[in-house]
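Numbers restart at 1 for each chain; the letters A, B, ... are given by sequence-line order, proteins then strands.
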2 protein chains.
Amino acid sequence: MGEEMRNKQIVLSNYVKGSLRESNMSLKESTISSEIPNGAVLVKNLYLSCDPYLIGRMKNIEGYFAGPFKLGYPISGYGVSKVLNSSHTDYKKGDLIWGITGWEEYTLIKDLTGVFKINDTDVPLSYYTGLLGMAGMTAYVGFFELCSPKKGETVFISAASGAVGQLVGQFAKLTGCYVVGSAGSKEKVDLLKNKFGFDEAFNYKEEQDYNAALKRYFPDGIDIYFENVGGKLLEAVLDNMRLHGRIAVCGMISQYELEQPEGVHNLFNLISKRIRMEGFIVFDYYHLYPKFLEMVLPLIKEDKITYVEDVAEGLESAPSALVGLFSGRNVGKQVVVVARE
Amino acid sequence: MGEEMRNKQIVLSNYVKGSLRESNMSLKESTISSEIPNGAVLVKNLYLSCDPYLIGRMKNIEGYFAGPFKLGYPISGYGVSKVLNSSHTDYKKGDLIWGITGWEEYTLIKDLTGVFKINDTDVPLSYYTGLLGMAGMTAYVGFFELCSPKKGETVFISAASGAVGQLVGQFAKLTGCYVVGSAGSKEKVDLLKNKFGFDEAFNYKEEQDYNAALKRYFPDGIDIYFENVGGKLLEAVLDNMRLHGRIAVCGMISQYELEQPEGVHNLFNLISKRIRMEGFIVFDYYHLYPKFLEMVLPLIKEDKITYVEDVAEGLESAPSALVGLFSGRNVGKQVVVVARE
């Protein structure tokens with residue numbers, strides 16, 4: 001018989017309708033057994049990742065790429081964890097891993113597909129929730145695999161200071177592109193220009209006319225758009241794309257809390273400008289993770305890539321941190337620290 | 001001094017606003033000299049092609065893939081012509097060609113880029129306005145190059161009995177796909193099923209709910225959508241696409257006469273289903289024309305591909321024939337016969 005441990009959890013208490021609120025989640029005191037079935041691992045969660053896609057699983061809807069969460073159960077999402085006990089041959093006590101875990105202190109992980117062992121600990125461990133995890137792979141796949149960027153091309157990134165956008169911009173600069181980002185505050189715009197090395201950046205909240213803003217920064221048009229936002233900004237981008245432009249559709253955060261998403265009226269641009277617009281989900285590309293690490297780890301160590309995180313302290317702060325994503329309260333990748341070791 | 005010949009023309013008399021009307025065009029009696037500058041050819045026009053894209057050049061707008069026509073000048077578009085006189089080394093009197101020509105009896109063609117010499121006359125000459133011309137290449141490029149079809153995949157084609165759609169359907173059947181088309185009359189639906197060999201077809205005018213119609217014919221979803229229509233039908237298709245679906249965006253005929261195109265509200269499907277949506281213009285792919293002919297000429301001669309044309313007699317009938325495209329009055333490829341030889 002295993003020992004019972006106290007286990008605080010953030011559970012989904014009611015499905016999201018319209019806007020996400022902290023009251024959709026609640027803190028629950030539970031227990032977990034240290035005894036584990038064959039092939040499973042028991043982990044202590046260290047860092048949790050707040051990702052916009054989670055809202056889709058917090059709605060009681062069909063047709064999202066992953067099914068809805070069950071009411072009363074912990075939110076599950078990406079995190080960095082330490083193995084406390086393992087009955088799986090590939091993992092042993094003390095191993096660090098990243099992958100899907102629970103929003104709780106301890107999680108029993110039965111299905112280890114999509115879990116990655118962390119071999120390189122020369123970098124901040126929290127990076128495996130972002131730069132070296134799902135967000136980093138998303139930036140890498142969306143930019144390099146889908147957009148086939150070439151030196152000298154013009155790149156626009158929305159939600160550019162976020163977990164993914166800040167990396168896309170740096171990848172684009174390393175490729176020799178001209179890079180402009182949009183974000184929602186002066187502080188973020190400063191980050192884009194001064195910390196991430198974007199050529200230009202603007203605060204979309206200060207622009208009356210997105211079309212005019214894009215024309216100002218892209219007088220000759222946009223070759224590559226990394227789409228994180230959707231709606232009216234996408235419409236303005238379509239009008240400013242160049243011939244043979246490419247759009248990697250990564251997210252549409254402006255739309256997730258709307259009852260009825262905004263309509264995009266100018267898709268004819270796809271034809272007249274021969275644009276390729278492609279949606280993707282990073283799960284389909286994890287076979288490229290070793291190749292990604294090979295590229296990005298040296299860049300981090302040589303200080304050629306930087307990463308900004310917004311760190312919320314304690315599991316209790318997770319609901320508020322997640323809610324903050326949708327109003328853009330976070331500056332950089334939103335991480336929750338459950339424990340530091 | 002060359003001889004002056006009478007030359008009837010269909011000219012653009014005023015720019016299109018909203019719907020195309022016959023009164024946007026008028027018949028003009030003009031003359032043309034038989035003398036020609038160096039490098040040009042004088043042709044007698046035999047067949048003219050009515051194509052939906054023409055409406056874009058009949059509006060006084062910027063940003064279309066080709067500029068607006070000039071008022072008072074003949075409409076220019078695809079046609080089949082006979083060379084009457086040539087000062088270009090590649091062409092001689094009597095040659096048959098297809099490419100961009102004028103909506104008139106005789107045209108002086110100064111720029112011969114994009115003009116193709118017709119070598120195979122074992123097939124109806126009018127086919128070079130459609131099956132063996134721009135429409136055929138459009139079907140070929142959009143289906144094979146953009147959609148990478150595989151045997152057993154499900155294919156939906158809108159405006160399926162038109163110049164392009166009827167061929168896409170036959171290419172898809174030859175590839176071993178399950179093929180459904182939509183069209184706007186019982187007669188066209190019958191053609192799709194009984195002449196072109198589509199597995200299923202429906203009359204969109206009889207469907208209250210496009211979503212329900214698509215679910216009926218594609219209970220497991222659509223792998224490939226060949227888009228000719230846009231608007232509400234595109235929205236319904238997006239909701240019924242399968243994972244990793246591909247959409248070749250060829251046209252959006254339902255939108256061309258609207259002052260404000262309809263909004264598409266469910267582009268999030270691009271992400272959740274990892275859909276690639278790509279617009280194209282056949283002009284970019286004419287280097288594949290020989291490869292296309294190599295495939296399609298034997299198929300025609302072995303009766304493995306059939307083609308339906310709607311033939312309007314006489315240059316005077318061209319305006320009405322073009323207008324008819326937008327209400328779907330034509331059955332099959334709309335051709336205008338100016339002269340038979």
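Both the backbone and the side chain of F268(A) have a heavy atom closer than 4.5 Å to some heavy atom of chain B. For I275(A), the part lying under 4.5 angstrom from a heavy atom of chain B is the backbone only. If you measure heavy-atom distances from L234(B) to chain A, the contacts under 4.5 Å come from the side chain alone. Neither the backbone nor the side chain of I247(A) has a heavy atom closer than 4.5 Å to any heavy atom of chain B.
The greatest number of non-hydrogen atom pairs below 4.5 Å with chain A, out of L243(B), L146(B), L270(B), is found for L270(B).
L267(B) has its side chain out of reach of V249(A): every pair of non-hydrogen atoms, C-beta onward, lies at least 4.5 Å apart.
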What are the atom names and distances for all donor-acceptor pairs below 3.5 Å between chain A and chain B?
unit_1: V264(A); atom_1: N; unit_2: V264(B); atom_2: O; d: 2.9
unit_1: V264(A); atom_1: O; unit_2: V264(B); atom_2: N; d: 3.0
unit_1: R274(A); atom_1: NE; unit_2: D284(B); atom_2: OD2; d: 2.8
unit_1: R274(A); atom_1: NH2; unit_2: D284(B); atom_2: OD1; d: 3.1
unit_1: I275(A); atom_1: O; unit_2: G279(B); atom_2: N; d: 3.0
unit_1: M277(A); atom_1: N; unit_2: M277(B); atom_2: O; d: 2.8
unit_1: M277(A); atom_1: O; unit_2: M277(B); atom_2: N; d: 2.8
unit_1: G279(A); atom_1: N; unit_2: I275(B); atom_2: O; d: 3.0
unit_1: D284(A); atom_1: OD1; unit_2: R274(B); atom_2: NH2; d: 3.1
unit_1: D284(A); atom_1: OD2; unit_2: R274(B); atom_2: NE; d: 2.7

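To the nearest 0.5 Å, atom CD1 of residue I271(B) and atom CZ of residue F65(A) are 9.5 Å apart.
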